Protein chains: 2
Amino acid sequence: MRVTINDIAKKANVSPSTVSRVIANNPRISSTTSEKVLKIMKEMNYHPNMIARSLANRSTKIIGVIVPGAIEKAFQHPFFPEILRGIASEAHKNTYNILISSVTEVKDEKQVINELAKGGIAEGIILMTSRMKDPSIAELIKINFPFVVIGRSMVDSEINWVDNDNFSVAYELTKHFINQGHKKIALIGVSKQVVVTLDRLEGYKKALLDSNLEIDEGLIVEGKFFDDIGYGLMKKILDEGARPTGVIACDDVLAFGAIKLLTEYGLKIPDDIAVAGFNNLPLSDYSTPSLTSVEVNAFGLGAKAFQLLIKSINSNYEVFNKAIVPAQLVIRNSTLKQV
Amino acid sequence: MRVTINDIAKKANVSPSTVSRVIANNPRISSTTSEKVLKIMKEMNYHPNMIARSLANRSTKIIGVIVPGAIEKAFQHPFFPEILRGIASEAHKNTYNILISSVTEVKDEKQVINELAKGGIAEGIILMTSRMKDPSIAELIKINFPFVVIGRSMVDSEINWVDNDNFSVAYELTKHFINQGHKKIALIGVSKQVVVTLDRLEGYKKALLDSNLEIDEGLIVEGKFFDDIGYGLMKKILDEGARPTGVIACDDVLAFGAIKLLTEYGLKIPDDIAVAGFNNLPLSDYSTPSLTSVEVNAFGLGAKAFQLLIKSINSNYEVFNKAIVPAQLVIRNSTLKQV
DNA sequence: TCTTATTGTGCAACCGCTTGCCCTGCGTTT
DNA sequence: AAACGCAGGGCAAGCGGTTGCACAATAAGA
């Protein structure tokens, strides 16, 4: 049987409460007693039961991270681990642990929330979602539980969220293409379900308009975000006769797929057609040509999310915060004509 | 205040124990009572407190995953998230949640273990480690706590572990080079600290010996595993005058670094020199030329680890299991001479 | 020398849920 | 009609801590 506070108390000839106070470093305990108890704790290799403590304290020092859908799908893309990394880094600095939960066949959205939030396991929740309206959000609002959403979510209520400034950086990226002399620029991988891509679309459009270029709907292609169907999307554009000189993909993986096709079609990058992506995958730097991309700083996104969450946990009055984490354009060879 | 089992009991005119039994679906409760109670639970939006339940049950349905060093370092490489994905996938199927902890400045190895294991938070622990001798292992053995190590670890005691068959696949990969006519094959990124690389080294040597090729120590270059210093390692080899016709890197990132340098030196891949890596990064398929690599199935590794862990948790007698997850050679253009 | 603080501990209730055991009431058996 | 079995629930003691309050002993003040 595991050694408890009572065992220590007996051995030390003090009451359990004294032991508890020793552990808590309560100043009311004399150093004599304290040392005696500490010594015995070491001897017996004791460590307080965190569950019991949590129950008594109503504080677990755990935050929940809920991943959309099954985790095996979500983590397919490096973006999510990277966010998690940011969350974990910040959480661990604050001695919080993080509990990962995801929606599966055996546990649906509601159950996950129930367990973590109402079940008292987590003190707060970070929701990784990219959906326009996540039912979990409504639930969390209803029970008034601290949470922050990663990815601007289109809900009516005031909530905490963090996101990149997708609009601005898409604007900037599009401007970059325009400055390179491009007039027909395709945008692939937009999805109505995924807020970030919509923001990017807006930035793209604004940039074109500001430069008096027309918006050609034939150059804007929808596509699922996470599948590497850049190949197919690109094929569609070309086969329909459109001849863009530049392509912006909503994700680097999409961009690589597109490049694969373009190469097959005998087009040289960037001379015949320039290509850029988003999310700045680690290897975008290594590809040939290296890929212009947008560093979204997923790590920073995660870290910021935790910071907002902890603020929310510790404040009673309801203040809601948003944080825009800047994204940075990384220009590489795939959009730079050779001199 | 959160609604408890007592509130429900009062409202339903039954005892708390009855409510508890309703929740547990205990057959002793009549369906009449059961329905009445369930109805009230819904009405009051009740969900049992998992912490209290865990305390009473001595079961948390949580497993801990301990990441070596600070999580922000470890997760730099896609290998770890991929393992985590495997763990989480399997865990969630079994309605286990996973708690991520990592060793930081504020919480050292021992504290992390204490909290998770002795603190009763986790029922078992998965240790991601690649070090030869991890002090955490000794600690876990000492307190007789269920755990499994990912990555064959060189400890004397019997423990649970999972790993890839690095030896065999390295053998196979080296043979592949040899079959392509290579006689001078470099191996870069070997590190004494990292067991997997040592296993790979063994497989590499064996393959050479079996083909009566000599082992040239000048072609075996040590290097930190996770840094993208493939560039530098490769440079070292060439600058020292060695002229391999093939290069095996212990990681794809290293391979990309090497390729970068080789390209700068005007060498064509694979015609002048063939290159292969390990870990089969998602983008190894997209690079030009596409990179021959080894799919280590990190996902499977994680999943298997969980399976062993759950077995260990549920069995009282001490049986220790090892699992070798097969790794698969993925041959691509970087090692195939053009026909 | 007799209060009055001050310091150091112990008591016991509580956090919210589980579970072994006991009790009641009713239908069966003989 | 007495004895018995069984279904359905309640009691209360945990699980392993925390903490407000009471209290004893010692130090300080009058």
Side-chain angles (χ1 to χ4, degrees), chain A residues 1-38 40-41 44-62 114-123 143, chain B residues 1-38 40-41 44-62 114-123 143:
Chain A
M1 196 72 280
R2 201 182 272 130
V3 31
T4 75
I5 209 171
N6 296 296
D7 303 331
I8 304 293
K10 259 172 220 151
K11 201 119 182 177
N13 266 320
V14 295
S15 73
S17 35
T18 299
V19 177
S20 172
R21 292 196 173 100
V22 168
I23 298 170
N25 232 314
N26 188 313
R28 299 182 68 80
I29 303 294
S30 73
S31 55
T32 327
T33 314
S34 181
E35 275 160 26
K36 176 177 64 178
V37 171
L38 284 172
I40 296 193
M41 284 174 37
M44 303 190 66
N45 197 16
Y46 168 79
H47 190 270
N49 181 313
M50 304 309 275
I51 301 293
R53 174 179 282 184
S54 293
L55 180 59
N57 280 337
R58 287 166 221 74
S59 145
T60 58
K61 284 290 195 171
I62 291 177
N114 273 342
E115 208 173 292
L116 261 50
K118 291 202 236 162
I121 296 182
E123 294 179 19
I143 62 175
Chain B
M1 197 74 278
R2 203 183 270 131
V3 31
T4 75
I5 209 172
N6 296 297
D7 303 330
I8 304 292
K10 259 171 218 151
K11 199 116 181 179
N13 266 320
V14 295
S15 74
S17 35
T18 300
V19 177
S20 173
R21 293 197 171 100
V22 169
I23 298 170
N25 233 316
N26 188 312
R28 299 179 69 76
I29 304 295
S30 72
S31 55
T32 326
T33 314
S34 180
E35 277 160 25
K36 178 177 64 179
V37 171
L38 284 173
I40 297 192
M41 282 173 42
M44 301 189 67
N45 197 17
Y46 169 79
H47 190 272
N49 182 313
M50 306 308 277
I51 302 291
R53 173 179 284 183
S54 293
L55 180 59
N57 279 339
R58 286 168 224 72
S59 145
T60 58
K61 285 290 197 170
I62 290 177
N114 273 341
E115 208 175 293
L116 260 49
K118 292 202 235 161
I121 296 182
E123 294 179 20
I143 62 174

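Throughout, protein chains are lettered first and strands after them, A, B, ... in sequence-line order, and every chain is numbered starting at 1. None of these values were measured; they are calculated from a predicted model.
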Can you measure Ile29(A) atom CD1 to dT19(D) atom P for me and round it to whole angstrom units? 13 Å

Please check the phosphate of dT9(C) (OP1 and OP2 only) for any side-chain N or O of Ser15(A) closer than 4.0 Å. no

Starting at CZ of Arg53(A) and ending at C1' of dG16(C), how long is that distance when rounded to a whole Å? 18 Å

Between dT19(D) (C1') and Asn57(A) (CG): distance, integer Å: 10 Å

Under 3.5 Å, is there any donor-acceptor pair linking the side chain of Thr4(B) to the base of dC15(C)? no

Considering heavy-atom distances to DNA chain D, does Ser30(B) or Leu55(B) have its closest nucleotide positioned more toward the 5' end? Ser30(B)

Rounded to the nearest 0.5 angstrom, the NE2-CD1 distance for His47(A) and Ile23(A) is 9.0 Å

So, does Ser17(B) get its side chain near the phosphate of dG10(D), meaning an N or O under 4.0 Å from OP1 or OP2? no

Within a reach of under 6.0 Å around NZ of Lys36(A), are more than 12 heavy atoms found that belong to other residues, nucleotides or ligands? yes

Grab the CG-P distance between Asn6(B) and dG10(D) for me, whole Å please. 13 Å

Would you please confirm or rule out a distance under 4.0 Å between OP1 or OP2 of dT9(C) and any side-chain N or O of Thr18(A)? no

Using OP1 and OP2 only, check whether a side-chain N or O of Tyr46(A) sits under 4.0 Å from dG16(D). no

Check whether any side-chain N or O of Thr60(B) sits under 3.5 Å from a backbone N or O of Ser54(B) as a donor-acceptor pair, and report yes or no. no

Polar contact flag, side-chain donor to acceptor under 3.5 angstrom, Ser31(A)-Ser34(A): no

Once you round it to whole Å, what is the distance between P of dG16(D) and CZ of Arg2(A)? 8 Å

Write down the distance between CE (Met41(B)) and P (dG16(C)), rounded to a whole number of angstrom. 16 Å

Per the side-chain contact (heavy atoms from CB on, under 4.5 Å) rule, which among Ile5(A), Ile8(A), Asp7(A) passes with Met41(A)? Ile8(A)

Whole angstroms only, please: what is the CE-P distance between Met44(B) and dG16(C)? 13 Å

Can you find a donor-acceptor N/O pair under 3.5 angstrom joining the side chain of Ser54(A) to the base of dC15(C)? no

Roughly how many Å is it from CZ in Arg58(B) to C1' in dG14(D), rounded to a whole number? 8 Å

NA contact type, Asn26(B), heavy-atom cut-off 4.0 Å: base, sugar-phosphate, or nothing? nothing

Starting from the 5' end of DNA chain C, give me the residue, Asn49(B) or Arg21(A), whose nearest nucleotide shows up first. Arg21(A)

Starting at the 5' end of DNA chain D, which residue's closest nucleotide do you reach first, Arg28(A) or Pro16(A)? Pro16(A)

Mind checking Val14(B) for me? I need base, sugar-phosphate or nothing, with any heavy atom below 4.0 Å counting as a touch. sugar-phosphate

